[in-house]
Amino acid sequence: MSNGNEGRNLHFIEEIVEEDIRTGKHGGRILTRFPPEPNGYLHIGHAKSICLNFGLAKKYNGKCNLRFDDTNPVTEDVEYVDSIKEDIRWLGFDWEDREFFASDYFQQLFDWAILLIKKGVAYVDDCSADEVSASRGTPTRPGKESPFRNRSVEENLDLFIRMSKGEFPDGTKVLRAKIDMASPNMHMRDPVMYRIKHAHHHRTGDKWCIYPMYDYAHGQCDFIENITHSVCTLEFEVHKPLYDWFLDNIIDDPGVNKSRTRQYEFARLNLNYTVMSKRMLLKLVKENYVNGWDDPRMPTISGLRRRGYTSGSIRDFADRVGVAKRENIIDIGLLEFCIREDLNKKAQRLMAVINPLKVVIENYPEGVTEELEAVNNPEDESMGTRKVPFSRVIYIEKDDFMEEPPKKFFRLSPGSEVRLRYAYFMKCTDVVKNGAGEITELRCTYDPESKGGKSPDGRKVKSTIHWVSAEHAIEAEVRLYDRLFVKENPYEAEEGKTFVDNLNPDSLKTVTGYIEPFAKGSKPLDKFQFERIGYFCLDPDSSGNKLIFNRTVTLKDSWAKITSKEC
RNA sequence: UGCCUCGUGGUGUAAUUGGCAACACGUCUGACUCUGGAUCAGAAGAGUUCAGGUUCGAGCCCUGACGAGGCAGCCA
């Protein structure tokens, strides 16, 4: 199921790779890279990129490097480096010993900058950030050349070296590539290569006070690592001429140039009912709209993991959404489909009641407990069976009873008979209410002949409901998660409002659930199907005497569909 | 009024490189079922943004419109 797309049509990057292999462009060698910036946690969009890059390597007998794009020390942190590594590993990919950092190459990048200065294609500019920005022009108007553009090579060399030695404060000078201030491509208008930042870097410490910009670093890092296919998202499309320009000016070996790394762009993943921008996710975390990066409502990989998603389901998802250049918004329902499909085959079944209604079975003897046999997973016989205790007082789901049932309601109602899963047929004889007229309890009778749920005389019931023995059930906290935003496109907000105003106030509901004793001893992230309700996993916050379950996703519910259609 | 990229069922992705559009999700039927789950069978839904052109034949090629996204960080 997961990332095996054999027999399927190739996407455009696979086509390029196969063509390159066919023509022997890189001697048949394939080396991709995943280049995250360690300034936030990875999200499902990154998962698409990870699956693409590592997947390409796997499929074509190549390798994929992990390279942290750590060229901006003020936003980056080791916390993020660690989480990123954990997430990639959890997704099932291995970069072996090829763990790199752009900062590993700072010296080489610096030396190449010197080379470009000597070639007369890079210069030190004393203009302020505002001045540089003002003289850059606009997409429709050409920019103006900096007054410092024509400094001598000697002066540029001297200034740049002094920049690197810390002689100038932040923001007073930059190194720029001398390209074309009138280029229709904004990125070619003398882009900044280095800026001064007297900041502590998580790896190089205080060794440097000048840091390369993305554009100057990325292509050269790819080149140093001998990457064959540098795959990135669409917004970098306009950077490609610059990517090539730097390499053209640094490498003048025609033999090397022939098989040089090339950049290819694909459309990033977008999901409805959530946001995917690291900046916005950071805001949700920092301003406590959610409980951290791994909040189960977050589209982060760590959030999805804690929500109960399996890595296989995410790989399957990445496979299903495809790779193309067209902007896309994937329905979150597809992600839900993927996890249901995976968990249906794997998850241990359990009976749990999350909205309890007490039922007394009047003709069942008091003080008696029976152990009834239940199937652990009807999709996988090898998972065996378990015993579930049954007694006179049980809980059933409030939703499974209606005093005045509509026509299509098959569950319990006064006088009707249902099957208690793996137990007995049961009939409701009386409804007990409190002063406010709310139903507080049901009085029922069972048919002792129907033990195990088999009809004694061949009579049928329209429905089977789940239950839990009141005396034996474990109380647990159950966290019912729903989509994070109420709007398909969270950014669509009225005047003066922002995406946080579209947060779903009901994205988390916490209830007390009653779960069959089997749940005891489960470990964090263990996955279950609470029969007829949904898939759940044990939250890592659980302790020995307090179990917490996260709802991963509900089961498909055709009754809910009927009711929602009628109102 | 610049440059780049992209327009195929509701959503995504295909179409052997010119032979009357396929797959998945979703939707809707029905069958089966000790989960209104799962499974199985079936159906509806696009004539490919539009207009011209080339061709026996165009989603694929050409021209021109229109629409969407990206680009004006010393972010990546």
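Below, read A as the first sequence line, B as the second, and so on, with proteins coming before strands; counting in each chain starts at 1. Worth knowing before you read on, the calculation uses all heavy atoms, side chains too, and leaves out hydrogens, waters and symmetry mates.
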Student: Hey, is the side chain of A:Thr140 poking within less than 4.0 Å of OP1 or OP2 on B:rC3, counting only N and O atoms?
Tutor: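 Checking A:Thr140 against B:rC3: no side-chain N or O falls below 4.0 Å of OP1 or OP2.
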Student: Using O4'-C1'-N9-C4 for purines and O4'-C1'-N1-C2 for pyrimidines, with syn meaning within 90° of 0, is B:rG70 syn or anti?
Tutor: anti
Student: With a cut-off of under 6.0 Å to the ring centre and 45° to the axis, is A:Arg483 in cation-pi contact with A:Tyr273?
Tutor: yes
Student: What is the distance, to the nearest angstrom, from the CD atom on A:Glu397 to the P atom on B:rU35?
Tutor: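 In whole Å, B:rU35 P lies 17 Å from A:Glu397 CD.
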Student: List RNA chain B stems (3 or more consecutive Watson-Crick/G-U pairs, under 3.5 Å)?
Tutor: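 The stems are B:2-7 with B:66-71, B:10-13 with B:22-25, B:27-31 with B:39-43, B:49-53 with B:61-65.
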Student: Mind telling me whether A:Tyr446 and A:Phe390 have parallel, tilted or perpendicular rings, with 30° and 60° as the class edges?
Tutor: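 The arrangement is tilted - the two ring planes meet at 30° to 60°.
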Student: For A:Asn344 and for A:Leu334, locate the closest nucleotide of RNA chain B by heavy-atom distance; then report the residue assigned to the nucleotide nearer the 5' terminus.
Tutor: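 Counting from the 5' end, the first nearest nucleotide belongs to A:Leu334.
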Student: Going by the glycosidic torsion and a 90 degree boundary from 0, is the base of B:rU54 oriented syn or anti?
Tutor: anti
Student: Using whole Å, report how far NZ of A:Lys462 lies from P of B:rU35.
Tutor: 16 Å
Student: Taking atom types as modelled, find out whether A:Arg33 and A:Ser230 have a side-chain donor-acceptor pair closer than 3.5 angstrom.
Tutor: yes
Student: What nucleotide, of B:rA14, B:rU35, B:rG2, holds the atom closest to the side chain of A:Thr464?
Tutor: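 Out of B:rA14, B:rU35, B:rG2, the nucleotide with an atom closest to A:Thr464's side chain is B:rU35.
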Student: When you compare B:rU11 with B:rU54, how far apart are their P atoms, in angstrom units rounded to a whole number?
Tutor: 34 Å
Student: Using the P atom as the point on both nucleotides, what is the distance between B:rA44 and B:rG67, in whole Å?
Tutor: 35 Å
Student: What does A:Arg141 touch in the nucleic acid at a heavy-atom separation under 4.0 angstrom: a base, only the sugar-phosphate, or nothing?
Tutor: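 No contact.
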Student: Could you tell me how far B:rG45 sits from B:rC28 if I compare only their C1' atoms? Round to whole Å.
Tutor: 11 Å
Student: So, for A:His201 and A:Phe106, is the gap between ring centers shorter than 6.0 Å?
Tutor: yes
Student: Expressed as a whole number of Å, how far does the C1' atom of B:rG59 sit from that of B:rU16?
Tutor: 15 Å
Student: For A:Ala267 and for A:Phe530, find the nucleotide of RNA chain B with the closest heavy atom, then tell me which residue's nucleotide is more 5'.
Tutor: A:Ala267
Student: Please report the distance separating the P of B:rC25 from the corresponding atom of B:rA65, rounded so that it comes out in whole Å.
Tutor: 41 Å
Student: Any N or O donor-acceptor pair linking the side chain of A:Arg411 to the base of B:rG36 at under 3.5 Å?
Tutor: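 Between B:rG36 and A:Arg411, which were checked side chain against base, a qualifying N/O pair under 3.5 Å is present.
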Student: Indicate, with a heavy-atom threshold strictly under 4.0 Å, whether A:Gln529 touches base, sugar-phosphate, or nothing.
Tutor: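 Answer is base: heavy atoms of A:Gln529 come under 4.0 Å of a base.
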Student: Send over the distance from A:Lys346 NZ to B:rA38 P, rounded to a whole Å.
Tutor: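 Taking NZ of A:Lys346 and P of B:rA38, I get 17 Å after rounding.
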Student: Provide, to the nearest angstrom, the distance between the CD atom belonging to A:Glu18 and the C1' atom belonging to B:rU17.
Tutor: 15 Å
Student: Does A:Arg203 make a cation-pi contact with A:Phe101 (under 6.0 Å, within 45 degrees of the axis)?
Tutor: yes
Student: Atom NZ of A:Lys325 and atom C1' of B:rU5: how far apart are they, to the nearest Å?
Tutor: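 Atom NZ in A:Lys325 sits about 6 Å away from atom C1' in B:rU5.
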Student: Specify the separation, in whole Å, of atom CG of A:Asp316 and atom C1' of B:rU13.
Tutor: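 Roughly 14 Å, once rounded to whole Å.
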Student: Please determine, by modelled atom types, if A:Arg349 and A:Asn376 share a side-chain donor-acceptor pair under 3.5 angstrom.
Tutor: no
Student: When all nucleic acid strands are considered with a 4.0 Å heavy-atom cut-off, which category describes A:Phe410: base, sugar-phosphate, or nothing?
Tutor: base
Student: Classify the angle between the aromatic ring planes of A:Phe536 and A:Phe530 as parallel (below 30°), tilted (30 to 60°) or perpendicular (above 60°).
Tutor: parallel
Student: Tell me whether the side-chain N/O atoms of A:Arg320 come closer than 4.0 Å to OP1 or OP2 in B:rC23.
Tutor: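 No, A:Arg320 has no side-chain N/O under 4.0 Å of OP1/OP2 on B:rC23.
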Student: Rounded to whole angstrom, note down the P distance from B:rC50 over to B:rA58.
Tutor: 14 Å
Student: Parallel, tilted or perpendicular: which one describes the rings of A:Tyr105 and A:Phe100, with boundaries at 30° and 60°?
Tutor: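 Answer is tilted, since the angle falls between 30° and 60°.
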Student: Can you check the A:Ile329 CD1 to B:rG7 C1' distance for me, whole Å?
Tutor: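 Taking atom C1' of B:rG7 as the reference, CD1 of A:Ile329 is at 14 Å.
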Student: Taking OP1 and OP2 of B:rU33, is either one under 4.0 Å from a side-chain nitrogen or oxygen of A:Lys460?
Tutor: no
Student: How is A:Phe409 classified with respect to the nucleic acid when contacts are heavy atoms under 4.0 Å: base, sugar-phosphate, or nothing?
Tutor: base
Student: Mind checking the C1' distance from B:rA21 to B:rA14? Whole angstroms is fine.
Tutor: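 B:rA21 and B:rA14 have their C1' atoms separated by 9 Å.
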Student: A:Arg326 has a side chain; which of B:rU35, B:rG37, B:rU8 sits nearest to it?
Tutor: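 Nearest to the side-chain atoms of A:Arg326, counting from C-beta on, is B:rU8.
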Student: Is there a side-chain contact between A:Phe266 and A:Lys48, using heavy atoms and a 4.5 Å cut-off?
Tutor: yes
Student: Is any side-chain heavy atom of A:Glu15 less than 4.5 Å from a side-chain heavy atom of A:Asn9?
Tutor: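 Sidechains of A:Asn9 and A:Glu15: no contact.
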Student: Anti or syn, where syn is a glycosidic angle within 90° of 0; which label fits B:rG47?
Tutor: syn
Student: Look at the side-chain N and O atoms of A:Arg340 and state whether any lies under 4.0 Å from the OP1 or OP2 oxygen of B:rA38.
Tutor: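 A:Arg340 to B:rA38 OP1/OP2: no side-chain N or O under 4.0 Å.
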Student: Give one of base, sugar-phosphate or nothing for A:Lys240, where a contact means two heavy atoms less than 4.0 Å apart.
Tutor: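 Result for A:Lys240 = nothing.
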Student: Is A:Tyr211 touching bases, backbone alone, or none of the nucleic acid, heavy atoms closer than 4.0 Å?
Tutor: nothing
Student: Do A:Glu76 and A:Asn39 have side-chain N/O donor and acceptor atoms under 3.5 Å apart?
Tutor: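 No, A:Asn39 and A:Glu76 have no side-chain donor paired with an acceptor closer than 3.5 Å.
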Student: Figure out the NE2/C1' separation between A:His11 and B:rU16, and round it to whole Å.
Tutor: 18 Å
Student: Taking atom CD of A:Gln529 and atom CG of A:Leu350, what is their separation to the nearest 0.5 Å?
Tutor: 9.5 Å
Student: For nucleotides 67-76 of chain B, give me one character per nucleotide, 5' to 3': B if any protein heavy atom sits under 4.0 Å from the base, S if the only such contacts are to the sugar-phosphate, - if neither.
Tutor: --SBSBSBSB
Student: Please give the distance between the C1' atoms of B:rA43 and B:rG9 as a whole number of Å.
Tutor: 14 Å
